[in-house]
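The next block holds one structure in the form of C-alpha cells; read it before the comments.
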There are 2 protein chains.
Amino acid sequence: MLLSKSCVYGLRATLYLATKPGGEFTPIKKMSEKLEISFHFLTKILQQLTADGMLESFKGPNGGVRLTKPGSKIKLIDVVLAIDGPKLLTECALGLPGCGLKNPCPLHDKWAETRDSIRDMLQNTSLSDLAEKGEKENLRLTEDGDFEELLRN
Amino acid sequence: MLLSKSCVYGLRATLYLATKPGGEFTPIKKMSEKLEISFHFLTKILQQLTADGMLESFKGPNGGVRLTKPGSKIKLIDVVLAIDGPKLLTECALGLPGCGLKNPCPLHDKWAETRDSIRDMLQNTSLSDLAEKGEKENLRLTEDGDFEELLRN
DNA sequence: CTAATTAGAGACTCTTTTGTCTTAAAATAA
DNA sequence: TTATTTTAAGACAAAAGAGTCTCTAATTAG
C-alpha cells in the first residue's frame, strides 16, 4: 500500500475538518462516527497531528479539534509527512541505503521520476480542493455515505 | 513503503538472474550471498515466483533457479504483481472499497493519474533494461557492492 | 548404494502496524 | 463542588509482515 492506514484515516479526518467553519471545534467522537473509524484509533492519529501543529485541540464540553490553518493552505503532503514520514518520497525503490544521484541503483532514475509525480500530486492538492470537489459532486468519504450526509448536523 | 520488502528482494533477485545466461541454474544460496539477503527468506520469496511460473527450479547439485523467459520479456510489474498482488494499482488512495469511476472518492481522479504513471513505469521497464544499465554503468544491487562484483565468479 | 547438494514445505519467532481499553487531566455546566 | 464532556497518555491485544530454523524430497557425484 502506498499510504499506511493511519495516514489514510488522517487524510479522511482532516478533509472532513476542512469542510467545517474555521473557528469551530469538532469532537473526535463525532468524526469517528461520521467517518466510520474506531474512536480510539482516530484519537491516537489526531494526537500526532496535534503534536505536529496541524491541529489544535480543546478539552471539555464544546471541545474537539480543528485545523490551525485554512484548508486551502494545507496540502495532502503535509498530512502524509506528519503521519508516514518522508520515506515514500526519499526511499530507494530497491531498498538500498544511500541510493541517490551519486550512488544510484539501476532503477533510481525511473523511480525518481515516478516519485516526483507522486510528490507533485500531493503537493498540488489542498484539503479544500478535495472538500470543495466532494461537496460539489456529492462524493463520499466512507463506504456507503455521501458528502451531504457528512455535512448534515 | 510502495513495495513490500519481499517484493523488493524479489526484484533484486530476478534482476540478478537476468544478468545470467538463459539456460543456467543459479543456486539460491549463492544469490542470497551476492545480494545480502537471508537465504531462507529469499528461498520463500523465490518459491512464490516459481509457483507463479516466472522461475523454474531444479534440485540437487548444479541445481538452482532460472528465469523461464528472457529478461527482456519480464517487466517489473510482473514481479510486483506476483509478490505484492494488484492492490497498489487498484486500491483507493483513501481506502474506500469500490472506489472507481462510478462511485469515486474526492481524490480518485488525481490518484488514478498518479497510479497510471506508476503502472507505466513498471510496465515499460524490463529486467534486462535494468540489468544492462547496471552493467554498463557499474551500479549496485546491494549496500556496498557494484555490478562487476555481482557478475564475478 | 551412499554422501552431498540443492529446492520445498511448514512450524516457529520477532517486529511493526492496527486496533482496543482504561485511567488521568482539563474544561464546562449546574 | 460535583457530574459531565472532552482530549491525553499509555498499557494491552490482535493481525500482518519479516525473518529463522528444521526436516523432507529430489538430484547428482563418487
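Because the structure is a prediction, the values reported are computed rather than measured. Below, chains carry the letters A, B, ... as their sequence lines are ordered, and counting in each starts from 1.
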Indicate yes or no for a side-chain donor-acceptor contact from [X] to the backbone of [Y] under 3.5 Å, with no hydrogens or angles considered.
X         : Y         : value
Arg66(A)  : Phe58(A)  : no
Arg140(A) : Phe147(A) : no
Asn138(A) : Glu148(A) : yes
Trp111(A) : Cys105(A) : no

Which residues in residues 37-62 of chain B have at least one heavy atom lying under 4.0 Å from any atom of DNA chain D?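 Listed by number, they are Ser38(B), His40(B), Phe41(B), Lys44(B), Phe58(B), Lys59(B), Gly60(B), Pro61(B), Asn62(B).
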Quick one, which residues of residues 10-30 of chain B touch DNA chain D with a heavy atom under 4.0 Å?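 Within this stretch, nothing sits under 4.0 Å of the strand.
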Tell me whether Arg119(A) is salt-bridged to Asp116(A), with the criterion being a basic N under 4.0 Å from an acidic carboxylate O.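 Salt bridge present between Arg119(A) and Asp116(A).
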Validation row: Thr19(A), Glu135(A) side chains within 4.5 angstrom (heavy atoms):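 The answer is no; the side chains never approach within 4.5 Å.
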Leu122(B) side chain reached by Ile118(B) side chain, heavy atoms, under 4.5 Å: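 The answer is yes, as the side chains (C-beta and beyond) meet within the 4.5 Å cut-off.
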Please report, rounded to the nearest Å, how far the P atom of dT6(D) is from the CE atom of Met31(A).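 These atoms are roughly 14 Å apart.
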Send over the distance from Leu35(B) CG to dG19(D) P, rounded to a whole Å.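 Taking CG of Leu35(B) and P of dG19(D), I get 14 Å after rounding.
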Give the intermediate values and the outcome of side-chain hydrogen bond (donor to acceptor under 3.5 Å, both in side chains) for residues Ser126(B) and Asp129(B). CA-CA 5 Å; Ser126(B) 72; Asp129(B) 290 340; 3.2 Å; yes
Which listed nucleotide (dT18(C), dA18(D), dG19(C)) is nearest to the side chain of Tyr9(A)?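 Nearest to the side chain of Tyr9(A) among the choices is dG19(C).
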